[in-house]
Amino acid sequence: MPFSFTDYDPYDFANRRHIGPSPAEMEEMLATIGVGSLDALIDATVPSAIRQAAPLDFGPALSEREVLFHLRQTADKNRVMVSMIGQGFHGTVTPPCIQRNILENPAWYTAYTPYQPEISQGRLEALLNYQTMMCDLTGLDIANASLLDEPTAAAEAMALCRRQSKSKAGAFFVDEGCLPQTINVVKTRAEPLGIEVIVGAPDTLAPETVFGALFQYPGVNGAVRDFTDEIAALHAARALAVVAADPLALTLLKSPGEMGADVAVGSTQRFGVPMGGGGPHAAYMACLDAHKRALPGRIVGVSLDARGNRAYRLALQTREQHIRREKATSNVCTAQALLAVMASMYAVFHGPAGLKAIAQRVHLKAVRMAEGLEKLRFTVGPDAFFDTILVTVGALQGVIIRAAAAEGVNLRAVDGDKIAITLDELVRDADIDAVLRAFGGEPVSGPAPAPRLPEALSRQTDYLTHPVFHMNRAEAEMTRYMRRLADRDLALDRAMIPLGSCTMKLNATAEMLAITWPEFSNIHPQAPLEQRAGYAELVKDLSEKLCDATGYDAMSMQPNSGAQGEYAGLLTIRAYHKANGEGARDVCLIPTSAHGTNPASAQMVGWKVVPVKARENGDIDVDDFRAQAEKHAGRVAACMITYPSTHGVFEETVREVCRITHEAGGQVYMDGANLNAMVGLARPGDIGSDVSHLNLHKTFCIPHGGGGPGMGPIGVGAHLAPYLPGHPVTGEGAVSGSEWGSASILPISWAYCLMMGGEGLTQATRVAILNANYIAARLSGAYKVLYAGPAGHVAHELILDTRPLVDLAGVQVDDIAKRLMDCGFHAPTMSFPVSGCLMIEPTESEPKAELDRFCDAMLAIRAEAQAIEDGALDRENNPLKRAPHTVEDLVGDWDRPYSREQACFPPGAFRVDKYWPPVNRVDNVYGDRNLVCTCPPMESYADAAE
Ligand SMILES: *Cc1c(COP(=O)(O)O)cnc(C)c1O
């Protein structure tokens with residue numbers, strides 16, 4: 001017998017790994033849908049008028065091994081130096097157990113934002129720990145669960161002051177000791193809102209001229225000073241005070257709360273989260289209780305479940321963009337949940353004693369450096385400092401910085417004649433010696449130096465007193481704690497997460513590997529460009545690929561979330577209008593079905609949001625659109641549309657909408673969150689759009705992290721390219737703190753593009769559409785599929801109308817979502833874009849078996865609703881109303897008119913691998929009425945289900 005050779009390619013990532021259904025399964029699915037071929041489905045679904053002319057082509061797909069080799073070569077072009085640059089970014093030791101069990105663990109990084117609390121108790125607890133840590137360290141009452149970075153947190157604090165201050169003044173004061181990127185971003189955010197920013201020394205502050213002020217503590221060049229008097233003067237003038245504080249310094253220093261501050265912001269990067277060439281890291285914001293309803297971002301709160309057990313949930317959601325739209329406190333949606341979890345675990349791991357010891361060591365290194373330099377007769381300031389000193393070097397500046405670089409250390413030039421040196425957890429004695437050599441001296445040895453912290457600011461208050469920060473310090477305990485929390489949650493590593501609009505697709509392991517390589521993770525974003533050559537190359541190539549895929553001419557990698565991208569894109573449009581003498585344009589047309597971030601972002605650039613109606617079939621009402629454009633003639637700045645629409649349909653009229661906008665003198669912002677339905681088939685830039693953000697954490701495989709990180713780069717047409725955000729330190733108009741946003745997660749999207757190739761990406765789009773249509777076909781007998789295109793097909797997502805079940809059986813959309821947990825699923829998106837309905841997006845990476853498991857569960861739920869309607873199940877005491885069920889429901893008395901078997905093992909649920917929600921249904925109202933946003937005292941743990 002001759003050998004028979006196969007053409008099966010085990011390394012073909014696109015077809016064998018990333019794309020869920022096998023070719024044979026696709027045939028079956030196409031038969032269920034009733035179309036002859038995948039191409040026929042696509043041709044009938046995606047209007048020919050919008051199809052891109054040429055196939056997406058960036059060379060053949062590479063295998064995993066080749067891509068890793070390529071990434072390694074690129075990484076090697078970055079040069080890892082010892083960073084003493086400081087300025088908001090610090091070397092830190094990620095405890096290996098946190099790196100492996102959180103950062104590299106799909107149970108944590110593939111989770112979704114914890115909107116469904118019953119399946120999110122683990123990450124909610126970790127985020128509650130984070131909030132508790134920040135309240136303790138800052139001495140304030142309430143903290144949120146993270147913001148995007150320190151500069152944007154400072155800008156959000158300015159907005160909070162403006163809302164909450166009773167002062168009529170129109171200016172905001174910024175301490176000149178703030179990080180330059182903070183000053184830049186605050187200026188960007190202030191300008192469209194008509195806020196004047198006064199930058200100066202705290203001594204020059206005139207409180208009656210401002211509604212608020214921002215101070216940096218310690219200052220960028222090391223000054224540590226008490227702001228108590230300035231804050232009192234601000235309060236006397238009815239203005240508010242914000243302190244941007246380094247959380248590590250706060251373990252040794254008097255807290256902002258004790259100085260009287262209303263708000264504190266900062267970065268928790270140095271709590272175990274690598275610099276990553278700029279991000280991602282979690283920023284924090286804490287404030288007084290009086291301002292809690294003005295706090296931006298997500299807040300975790302404590303509530304009860306149906307059994308009266310303690311349960312966590314997201315609190316005060318009515319502040320947020322997804323509910324309040326243009327009236328929201330901010331546009332923040334995706335933030336930095338995973339990085340906040342890491343920082344909180346760093347605190348749990350070290351405890352207060354460990355954190356304090358780390359801070360003291362960092363300080364003593366700075367003192368040792370100062371002493372060595374003083375011996376060399378350099379003038380070293382300030383008198384008291386924490387981790388940063390400023391050395392006057394005169395004309396030697398360049399020589400010393402180059403000499404230090406030759407020793408492998410980056411220092412920071414200040415003005416023309418000084419050098420700032422910032423010490424951190426990573427710096428070794430040998431590095432200090434190297435710097436002293438660069439200054440022309442000898443290594444210093446001798447007894448431990450005496451501290452130079454300001455005694456008047458010595459911290460007198462406790463922090464991290466909660467037992468969670470006092471676990472036995474054995475790594476065994478820590479590992480099990482992280483494992484226990486992970487097990488409470490349902491993430492993509494266990495089940496499909498069919499969230500409409502959020503594109504929860506495979507985050508392949510090979511894509512993730514490079515982010516923890518030191519050549520990507522231990523790079524300071526302001527290190528000299530030649531040390532970041534690998535990053536530069538990656539950013540350039542990824543930008544070109546994304547331009548190719550979208551039809552745009554330029555890309556900015558600065559925005560670190562989709563909402564941030566919207567804001568950056570609208571600012572770009574605004575600057576373009578201004579440059580053309582059209583600066584008065586201030587109307588933004590936004591369909592009522594838009595994502596909440598759209599109107600929230602438009603409001604932030606000072607525009608008036610004009611809603612446009614939807615037609616019966618969900619499409620934009622073009623007549624209303626035209627009427628609104630005419631009504632606001634001369635004032636239309638832009639429209640914000642989503643394509644395919646949030647209703648899951650490729651609207652035929654999209655070109656018309658773009659044309660009307662352009663004729664009215666406006667620019668088209670196309671929300672790119674739905675790009676998973678377009679890549680390779682159609683390009684926003686070709687259809688008539690001028691700007692889009694791309695959610696790399698949706699379409700391009702960056703994991704969701706339980707609510708961040710994200711990346712929201714924007715693509716623009718050539719006419720807008722000159723107006724993209726400038727460099728955060730040296731430019732103008734920056735929207736975030738780092739040039740390339742959250743640079744360290746860009747290798748994920750790049751690896752995805754390289755492993756898929758243009759054809760693979762296109763196939764992913766086709767299969768995303770196939771999977772959605774397969775679900776529509778299987779469920780359309782039981783539920784009405786709300787919107788479809790002319791041929792009866794949906795795009796990459798579908799909306800199921802579950803509202804009829806309310807009248808029939810008293811079943812709400814919530815009941816269905818909670819019952820799906822019993823079946824082992826995360827619920828689809830609820831009530832967006834249509835109230836009372838479910839929006840389902842399976843993505844291309846789900847195999848048929850998982851789609852079928854989901855459909856079986858949805859059909860069983862429909863049958864249960866039928867049984868209620870028929871009287872076979874009670875209207876109140878039924879498995880839908882009482883879902884989800886926990887292990888507690890398997891033991892003890894059972895007096896319900898349905899069986900435990902039915903309760904806990906509905907279709908879809910696994911027998912052996914059953915996912916057990918750790919709590920029964922969470923009481924939302926109780927949680928908001930009895931707001932607790934820090935770890936509850938230990939007594940309440942005793943009776944809770946552990
Ligand atoms: C997710 C999403 C956004 C916002 O993106 P974030 O990264 O969460 O800020 C905007 N529009 C749509 C349609 C989305 O689905």
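Note that ligands are numbered from 1 as they come in the structure, with each ligand's atoms numbered from 1 the same way.
When the salt bridge (Lys or Arg N to Asp or Glu O under 4.0 Å) test is applied to Arg189, the partners found at least two apart in sequence or on another chain are Glu156. Every residue two or more places apart in sequence or in another chain was checked for a salt bridge (Lys or Arg N to Asp or Glu O under 4.0 Å) with Glu652, and none qualifies. With sequence neighbours left out, the salt bridge (Lys or Arg N to Asp or Glu O under 4.0 Å) criterion links Asp586 to Arg635.
Ring geometry for Phe700 against Tyr752 counts as perpendicular: the plane angle is over 60°, on a 0 to 90° scale with 30° as the lower cut. Ring geometry for Phe854 versus Phe825: interplanar angle over 60°, hence perpendicular rather than tilted (30 to 60°).
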Could you go step by step and tell me if Ser501 and Glu797 meet the side chain to side chain donor-acceptor pair (under 3.5 Å) rule? CA-CA 8 Å; Ser501 211; Glu797 57 192 5; 5.0 Å; no
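Within 4.0 Å of ligand 1, protein heavy atoms belong to Cys333, Thr334, Ser501, Ser561, Gly562, Ala563, Glu566, His595, Thr597, Asp671, Ala673, Asn695, His697, Lys698, listed by chain and number.
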